[in-house]
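Quick caveat, the model's predicted, so the values are computed rather than measured. Letters A, B, ... mirror the listed sequences (proteins, then strands); counts begin at 1.
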There are 2 protein chains.
Amino acid sequence: MASRIGVGALSIGVLAERTRMSKSGLFAHFGSKEELQLAVLRESQARFAEVVLRPALRLPRGLGRLRAMVINWLDWTRAVNLPGGCVINAAALEFDDQPGPLRDEVRNSLLALRRTLAETVAKAVETGELRPDIDIEQFVFELNGIYQATQQNRRLFSDPDADHRALAAFDRLVRDHAVIQQKE
Amino acid sequence: MASRIGVGALSIGVLAERTRMSKSGLFAHFGSKEELQLAVLRESQARFAEVVLRPALRLPRGLGRLRAMVINWLDWTRAVNLPGGCVINAAALEFDDQPGPLRDEVRNSLLALRRTLAETVAKAVETGELRPDIDIEQFVFELNGIYQATQQNRRLFSDPDADHRALAAFDRLVRDHAVIQQKE
DNA sequence: GACACTAACGAACGATCGTTCTATAAAGTG
DNA sequence: CACTTTATAGAACGATCGTTCGTTAGTGTC
């Protein structure tokens with residue numbers, strides 16, 4: 001539900017109906033609507049770590065791991081069956097100017113993702129695949145851009161080329177920062 | 001209001017209060033909440049064309065115009081005093097999986113923007129500044145990525161470097177597709 | 001001056017919102 | 001067994017939702 005209509009539009013009444021519970025019975029588990037929303041965000045983050053990060057982090061460090069992580073990221077909502085897209089990403093736009101626990105939760109989630117991405121990039125520098133003078137923050141910034149653009153193309157425009165475009169952008173990003181191969 | 005809380009969260013009651021009108025008086029101008037939301041989206045698009053596109057289209061075609069358009073785009077919401085960011089862009093994420101007139105309106109707005117961007121890029125090819133074999137759709141895709149990433153960095157993370165990052169990404173995009181300068 | 005049209009209003013509608021309170025049945029614990 | 005804890009339920013709360021209705025004041029038109 002949160003994926004389809006957004007975390008902010010969640011309604012305890014409708015939610016109780018769908019779970020075949022009473023409103024008050026369901027409500028008792030959370031104590032407030034905000035706590036319920038927070039629980040949804042946390043659950044979403046947990047699934048993300050499980051489906052996107054964990055498999056990639058089992059691969060050997062370097063460009064291969066980074067690439068796998070990005071690919072997992074790009075359509076993890078399909079793997080987890082979130083038909084309305086990433087809950088946290090949608091919540092980011094919804095709450096970015098509404099101070100409170102929800103915005104904080106979203107911000108922390110996305111910050112954690114950025115840190116993980118940055119570390120993964122850093123390790124691709126260590127392996128000698130990416131240049132040591134790379135601006136890692138800038139690199140992650142552009143990765144995020146690729147993700148956002150892909151989601152919009154896929155979800156709003158049903159663009160069948162979205163994946164292909166994303167990979168092209170990723171390859172260009174990597175190529176521009178790769179260690180120059182010496183011609184033999 | 002739409003900028004801050006989203007088009008979907010608009011409430012006629014609150015809106016009437018802020019405009020110092022009666023609920024029914026305000027309501028009569030639109031006939032339904034959905035029509036009001038559509039009016040907001042259309043108004044937003046009109047301002048966008050006025051503030052972002054028109055000034056850029058008065059510049060001579062080519063890379064300069066493209067660059068101006070992107071720069072206008074990146075912080076047009078400041079110029080128009082939309083403290084919650086672009087209404088249409090937020091609505092895109094909100095309605096991308098909810099069929100209906102609102103989603104159609106959003107889609108058409110963003111499609112129009114993409115067309116304008118594509119034409120502007122095409123003219124930078126005509127002037128000989130960008131390579132003729134360029135994939136224009138891909139170029140626009142990446143422009144959109146830069147915009148989305150910039151907004152998130154600015155709005156959610158209050159990143160003071162967002163503008164700088166955006167320009168760096170834009171320059172890299174242009175450099176990779178520019179006509180190669182012959183060394184003399 | 002009669003008439004039509006427009007804009008705005010206040011009151012009310014049924015529906016749904018998040019929340020609180022009380023009750024009940026089941027499960028766990030000594 | 002008695003006792004506490006936990007999960008769920010039902011009823012009701014005041015508030016707000018989008019919408020409808022009838023009315024009134026103003027404005028333009030013949």
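- Whole-Å rounding puts the B:Glu17 CD to C:dC9 C1' distance at 16 Å.
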With salt bridge (Lys or Arg N to Asp or Glu O under 4.0 Å) as the test, would you mind laying out the steps for A:Glu43 and A:Arg47 before giving the verdict?
-> CA-CA 6 Å; A:Glu43 170 68 18; A:Arg47 293 195 193 175; 2.8 Å; yes
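- Side-chain contact check for B:Glu142 and B:Gln138: at least one donor-acceptor pair (N or O, by modelled atom type) lies under 3.5 Å.
- The hydrophobic clustering, which links ILVMFWY residues whose side-chain heavy atoms are closer than 4.5 Å, places A:Leu156 and B:Leu111 together.
- Side-chain contact annotation: B:Ser32 with B:Glu34, donor-acceptor N/O pair under 3.5 Å absent.
- Shown here are the ring pair (Phe, Tyr, Trp, His ring centres under 6.0 Å) partners of B:Tyr147, two or more places apart in sequence or in another chain: B:Trp73.
- Rounded to a whole Å, the CE atom of B:Met21 is 11 Å from the P atom of C:dG10.
- Taking only side-chain nitrogens and oxygens, B:His29 comes nearer than 4.0 Å to OP1 or OP2 of C:dA8.
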Just by protein heavy atoms under 4.0 Å, how would nucleotides 16-23 of chain C read 5' to 3' in B, S and -?
-> -BBBB---
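- Between the C1' atom of D:dT8 and the CZ atom of A:Phe30 lies a distance of 14 Å, rounded to the nearest Å.
- Every residue meeting the ring pair (Phe, Tyr, Trp, His ring centres under 6.0 Å) condition with B:Phe139, not counting sequence neighbours, appears here in chain and number order: B:His177.
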